[in-house]
Amino acid sequence: MIIDLHTHTGYSYDAEKRGVSDHVQAAIQKGVDVLGFTEHVDFFYQESLSEADFESGTVDFQMYWNELAPFRCGRVIQADIAAQQKDIDTCRENSQGNIVLRKGVEIGQPHAAPDLADQLMEMYRFDYIIGSIHHLADDMDLYFIHYETKHTDEFMRDYFDEINKMLQYGKFHILGHLDYPLRVMKLPHNRPSLRGYMDYVDEILKKLIAQGIALESNAKSLFGWQKQVGPEDFVLQRYRELGGELITVGSDSHAPETMARGIPEAIERLKQAGFRYITDFEEGKPIQRAIR
């Protein structure tokens, strides 16, 4: 069974401006059985940022200003969830049972503006919610940081601190891309890894299990410098050792052409790690689907 629970359509600010139906048709052609749409809704600590908030040379503020700032409305980047869910309903009617469609959302840093995050959940019904960290307490997206100016251990400590704050907020079903910083921390002289931070990772994995929140296996890193599905093998092994059973797979696709990309590899990797089920969600309830 092919399941992809982490995808973005043109309703997400950073995705190709293509409709839900384009993504559904692409997924059907690729043999996807269960497809979840998770548009970005990101929350921020501050109303806005200025270049003066950062030391010179530590971030690419111009890139932030061009690529992300135009989509902010104060402390939130809000997707048009009402229109997106209407499109999903239409696609459900037209797909003639060829694919199961889920209504999800990816919320970034909900703990940064919990009142706004709560309002989102009160306004819409989701099959599941992915909680992710895309920026730290300074509100700067991790993609726009100059990592040669950062002390890696301090940065990673701050990253895991944000995850723990999000887990304390707790109103989500899946922890998205635990290894997200590794995508952007690569420098000519290093190969970033979670291996040196397993004390932090252990704490997070234990909280996921205790809170009934699933860990995500995100396939996007297979097509970056890492050349493998995340998180790293030893993280999956540790999750299994601790008794973790809820695990989802997602392509993190931002275009119809990349729907389900890397999902077969992700599923095979979970199978090799000893997982017998992939987790799906319907109306907030986990469904364990057997890996075959």
Side-chain angles (χ1 to χ4, degrees), residues 1-43 67-68 70-73 76-108 110 117 119-132 134 172-174 176-177 214 216-220 223 248-264 266-267 278-285 287 289:
M1 175 169 282
I2 302 298
I3 302 174
D4 190 350
L5 293 189
H6 190 152
T7 71
H8 302 274
T9 76
Y11 286 109
S12 286
Y13 73 92
D14 60 347
E16 286 194 14
K17 301 310 173 188
R18 307 273 291 279
V20 170
S21 61
D22 290 342
H23 292 74
V24 172
Q25 290 305 311
I28 291 173
Q29 291 172 10
K30 294 181 180 184
V32 175
D33 299 288
V34 181
L35 175 63
F37 293 103
T38 53
E39 311 303 351
H40 285 296
V41 179
D42 276 280
F43 299 96
E67 296 190 14
L68 195 149
F71 302 99
R72 283 189 62 170
C73 183
V76 64
I77 293 177
Q78 176 70 61
D80 190 345
I81 299 297
Q84 183 244 32
Q85 291 197 346
K86 183 177 180 180
D87 286 354
I88 294 172
D89 288 336
T90 299
C91 288
R92 281 175 172 170
E93 295 173 2
N94 295 337
S95 62
Q96 300 179 338
N98 291 321
I99 191 169
V100 174
L101 301 179
R102 302 293 191 209
K103 295 178 179 178
V105 67
E106 182 181 12
I107 54 174
Q119 289 176 21
L120 177 76
M121 296 171 200
E122 290 168 3
M123 289 180 65
Y124 303 103
R125 294 184 64 178
F126 299 105
D127 286 304
Y128 62 93
I129 298 166
I130 299 175
S132 298
H134 297 127
F172 59 98
H173 304 93
I174 303 165
H177 43 56
E216 179 186 61
S217 179
N218 189 296
K220 191 169 185 177
F223 305 96
T248 65
V249 288
S251 65
D252 212 340
S253 170
H254 285 63
E257 292 76 19
T258 54
M259 296 297 295
R261 188 172 68 158
I263 295 299
I267 293 173
I278 301 169
T279 307
D280 179 18
F281 284 91
E282 183 176 16
E283 296 185 350
K285 305 297 183 183
I287 301 170
R289 299 190 180 275

Could you list the donor-acceptor pairs under 3.5 angstrom formed by side chains in residues 76-86, with sequence neighbours left out?
from, atom 1, to, atom 2, distance (Å)
Asp80, OD1, Ala83, N, 3.2
Gln84, NE2, Glu39, OE2, 3.3
Gln85, NE2, Arg125, O, 3.1

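Of the possible polar contacts, one joining the His8 side chain to the Thr38 backbone as a donor-acceptor pair under 3.5 Å is found. A donor-acceptor distance shorter than 3.5 angstrom exists from the side chain of Asp33 to the backbone of Ile2, with no hydrogens or angles considered. Proximity of a side-chain donor or acceptor of His173 to a complementary backbone N or O of Ile129 within less than 3.5 Å is detected. Although no hydrogens or angles enter the test, the distance criterion places no donor-acceptor pair under 3.5 Å between the side chain of Arg102 and the main chain of Val34. Side chain of Asp22 to main chain of Pro256: no donor-acceptor pair is present (N/O by atom type, distance under 3.5 Å, no hydrogens or angles). Here the side chain of Thr9 pairs a donor or acceptor atom with the backbone of Tyr11 at under 3.5 angstrom. Remark: the backbone N or O of Thr7 is not paired with any side-chain donor or acceptor of Ser253 at under 3.5 angstrom. Without hydrogens or angle criteria, Asp127 side chain to Lys103 main chain gives a donor-acceptor distance under 3.5 Å. One N or O on the side chain of Asn98 and one on the backbone of Ser95 form a donor-acceptor pair closer than 3.5 Å.
Not counting sequence neighbours, the partners of Glu67 by the side chain to side chain contact (heavy atoms under 4.5 Å, CB included) test are Met63, Phe144.
Rounding to the nearest 0.5 Å places NZ of Lys220 at 9.0 Å from OG of Ser251. Taken to the nearest 0.5 Å, the CG atom of Asp252 stands 5.5 Å off from the NE2 atom of His254. Taking CD1 of Ile88 as the reference point, atom OG of Ser21 lies at 11.5 Å (rounded to 0.5 Å). Rounded to the nearest 0.5 Å, atoms OG1 (Thr279) and CD1 (Ile287) are 10.0 Å apart. Phe43 contributes atom CZ, which lies 5.0 Å from atom CG of Leu120 (distance to the nearest 0.5 angstrom). His40 NE2 to Glu106 CD: the interatomic distance, rounded to the nearest 0.5 Å, is 5.0 Å.
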Report task. Would you please test Arg92 and Val100 for side chain to side chain contact (heavy atoms under 4.5 Å, CB included) and show each step? Result -> CA-CA 8 Å; Arg92 281 175 172 170; Val100 174; over 6 Å; no
Requested in this report: Decide yes or no on side chain to side chain contact (heavy atoms under 4.5 Å, CB included) for Ile107 and Ser132, but give the supporting numbers first.
Outcome: CA-CA 6 Å; Ile107 54 174; Ser132 298; over 6 Å; no
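The distance between the ring centers of His177 and His134 falls below 6.0 angstrom.
Ionic pairing of Asp4 and Lys30 is not present here: no N-O contact between side-chain nitrogen and carboxylate oxygen is shorter than 4.0 angstrom. Between Asp280 and Arg289, at least one side-chain nitrogen of the basic residue sits less than 4.0 Å from a carboxylate oxygen of the acidic one, meeting the salt-bridge criterion. For Glu16 and Arg18, the salt-bridge test passes: some basic side-chain N is under 4.0 Å from an acidic carboxylate O.
Among Val249, Ile267, Ile263, the single residue meeting the side chain to side chain contact (heavy atoms under 4.5 Å, CB included) criterion with Ser217 is Val249.
Side-chain contact between Leu5 and Ile3 is present, with at least one heavy-atom pair separated by less than 4.5 Å. Looking at Tyr124 and Val105, their side chains never come closer than 4.5 Å, going by heavy atoms from C-beta outward.
Heavy-atom contacts from other residues, nucleotides or ligands closer than 6.0 Å to NZ of Lys285 number 12 or fewer.
Relative to the six-membered ring of Phe223, Arg261 meets both conditions, a distance below 6.0 Å and an angle of at most 45° to the axis.
Heavy atoms only, all atoms of each residue included: Ile174 and Phe172 are closest at O-CD1, 3.2 Å. The minimum heavy-atom distance between Ala260 and Val32, with the atom names listed, is CB-CG2, 3.6 Å. Annotation for Tyr128 and Phe37: closest pair OH-N, 3.9 Å, computed over non-hydrogen atoms.
Side chain to side chain, Glu216 and Thr248 fail the donor-acceptor criterion of an N or O pair below 3.5 Å.
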